[in-house]
Amino acid sequence: MCGIIGIIGKAPVTPLLVDALKRLEYRGYDSAGVATLINGHIDRRRAEGKLANLEAKLAGEPLAGTIGIGHTRWATHGKPSERNAHPIATDRVAVVHNGIIENFQELKDELVAEGRRFDSDTDTEVVAQLLTSYLERQLSPEQAMEKAMGRFKGAFALVALFAGRHDILIGARRGSSLAVGYGEGAMYIGTDALALAPFTDRVAYLEEGDWAVLRDTDCLFYQGVTQVTRTAKHTGLSSTLVGKGNHPHFMLKEICEQPTVLGDTMQQYLDPSRRVRLPALSIDWKNVSRLTMTACGTANFACQIAKYWFEKLARLPVDTEIASEMGSRKPPLSKGSVCVAVSQSGETADTIRAIKYAKQEGLKVVSVVNVPESQIARLSDVVLLTVAGPEIAVASTKAFTTQLLVLLSAAIDAGRARGTLSEEDERALTLALIELPRKVSEVIDAQEQFKALGALELLAKAKCALYLGRDYQYLIAMEGALKLKELTYISAEGYAGGEMKHGPIALVDSDLPVFVLAPSGPSFDEMVSNFEQVKARGGQVILLTDARGASRLANESTACCITLPDVHPDVAPILYAVAVQLIAYHTALSMGRDIDQPRNLAKSVSVA
Ligand code: G6P
């Protein structure tokens, strides 16, 4: 979602702003803009659509200046257009904003009554107009920001550039994240450390409710009128980490990184005797009566798979709640239960809201996150990190499989502590986990079979697709369907095999691709029944199985059979997750879709 950058330096700032916006593209956006000060006056360039449009505009009408702000906007209030693109400006101030000012209508009515004229349909414009109103009443920029913050409801990150003030930028944050970067003779402020990565690796984060005054050599932080200290730390991020390498897309790069990041994550959760163990966990599994797991999107499927693991291996009942539902319907949470929140970014607004509710109900919060400095990490009592590295493609891949690995490790730890997992079963599972990176490599190395799928006419003309699986594979079917619809815009559904006869079978005809996820194991025979039911109605089956399954169905005709390595049934969902990622990737590639930034989607969804 919206990306923010602000820079005060000595060099021409526009190319640096655009460069930073490119690194924020991954968040998803539909317009972009930059503003600078030239001889004290605010000037700006904005464009609808991709950054290339903004660059073209800047090529025709360059923008000078050594202080400036930039923005990629994901529309919330007002359609994506140049008029609604940020920076939103008056003649006194230009503002970039991530989040939503919930009481914007009330503020707008008040400002219109004062005689102010609005030029955009955005909620952000009330920020620019309110600051202007205060500046006109002789408040300093600092006083204006401090006072304005008291008027806004909702979650936001803001950076403001003031006419006539070449010396300061002011940032403010409530809810959405904002980081300050310390450079050599230049200072930076942006959405996250990735945006600042090539400029500096010394970063301080604004805390909830902070506002900050940035000058070219330092930054002062405030809570209300009180100055506070926020310490800059070195981040491990470097710009080289966030390139595509030799891959045509970030998504493929991130799929291919999975053997490495699964191995790195595994290292964190194995003790010297090669037993799975969670580090210094302040949760006594024996005294936990229930888990409430919550997340959004792909991370929500990680929770649903983890429910199966915890219930099977640790006999621990689990409720899973989509975070947006948990935050709004506020279900009763039983005492003695623990909330587990899962998030790649650690910044998803719905998940944050669900966590706050769980805390308010007195629950401890364990989070599984990929960004250690994120809000969710900071809100949690216990943080279990995934070591996936930056994930740039909107569709989550390596973050998902590392989340699964951490959650399975937690279920093993809980099963051992609760005496529900035998030593023998634990050994077999641990061995399967240690072998997982190698098996994931085998799936990736056998990509030809997925490429062949990309060439299938059937998929190119499909209007919808069905994914079927049982047990863990039911949930991978859901994730596979989500990936396909995100990347290709083909409507896709994931269903439990046993449930097919209760509805989706009505969709089956010769144009319907049906992905059947059937590793050999306890559910294989039942999946074969589903397979036969689909074929009997002319449906086109794409079978995902292992060598044993493939040989059992060798005489059956399929549109395509993808053979995956044999794997322990409890670890199989992680391996099959990689397969459904590759299916979505190659299908989208053959359809010419925008793989890394599918339309309308955002990577980090910072509004509720
Ligand atoms: C967005 C992304 C998904 C992601 C979800 C949750 O919808 O497009 O890929 O799964 O947000 O994000 P989080 O950062 O909380 O895992």
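Counting convention: from 1, in listed order, for ligands and their atoms alike.
Ligand-side atoms of ligand 1 in range of Lys603: 1 (C), 2 (C), 11 (O), range being under 4.0 angstrom from any heavy atom. Of all the atoms in ligand 1, the ones that sit under 4.0 Å from a non-hydrogen atom of Ser396 are 9 (O).
Scanning all protein heavy atoms for the shortest distance to atom 5 (C) of ligand 1 gives Cys296 O, 3.8 Å. The closest protein non-hydrogen atom to atom 16 (O) of ligand 1 is Gln344 N, 2.7 Å. Considering only non-hydrogen protein atoms, atom 4 (C) of ligand 1 sits nearest to Thr298 N, 4.3 Å.
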Extract all donor-acceptor atom pairs below 3.5 Å that involve side chains of residues 402-409 and protein atoms in other chains or at least two apart in sequence.
| unit_1 | atom_1 | unit_2 | atom_2 | d |
| --- | --- | --- | --- | --- |
| Thr402 | OG1 | Lys398 | O | 2.8 |
| Thr402 | OG1 | Ala399 | O | 3.0 |
| Ser409 | OG | Leu405 | O | 2.8 |

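A donor-acceptor contact closer than 3.5 angstrom links the side chains of Ser367 and Ser380. Side-chain N/O atoms of Tyr205 and Asp210 include no donor and acceptor closer than 3.5 Å.
Using a 4.5 Å heavy-atom cutoff, the side chains of Gln258 and Gln581 are in contact. Between Ile101 and Thr124 the shortest side-chain heavy-atom distance does not fall below 4.5 Å. Contact of the Lys439 side chain with the Val571 side chain is not registered, since no non-hydrogen atoms from C-beta on lie closer than 4.5 Å.
Remark: among candidates Ala393, Ser345, Ser374, the nearest residue to atom 14 (O) of ligand 1 is Ser345, based on non-hydrogen atoms. The option with the heavy atom closest to atom 1 (C) of ligand 1, from among Gly346, Ala602, Gly297, is Ala602. The nearest non-hydrogen atom to atom 13 (P) of ligand 1, considering only Thr348, Thr386, Thr397, Asn300, comes from Thr348.
A cation-pi arrangement is found for Arg23 relative to Phe199, the charged atom lying closer than 6.0 Å to the ring centre and inside a 45° cone about the ring normal.
Between Gln403 and ligand 1, not a single N/O pair is under 3.5 Å apart.
Proximity of Glu347 to ligand 1, defined as any heavy-atom pair under 4.0 Å, is not found for any part of the residue. When non-hydrogen atoms are compared, ligand 1 lies under 4.0 Å from neither the backbone nor the side chain of Ala399.
In this structure, Val394 counts as a contact residue of ligand 1, since one of its heavy atoms falls inside 4.0 Å of the ligand.
In this structure, Asp445 places its CG atom where more than 12 heavy-atom neighbours from other residues, nucleotides or ligands lie under 6.0 Å away.
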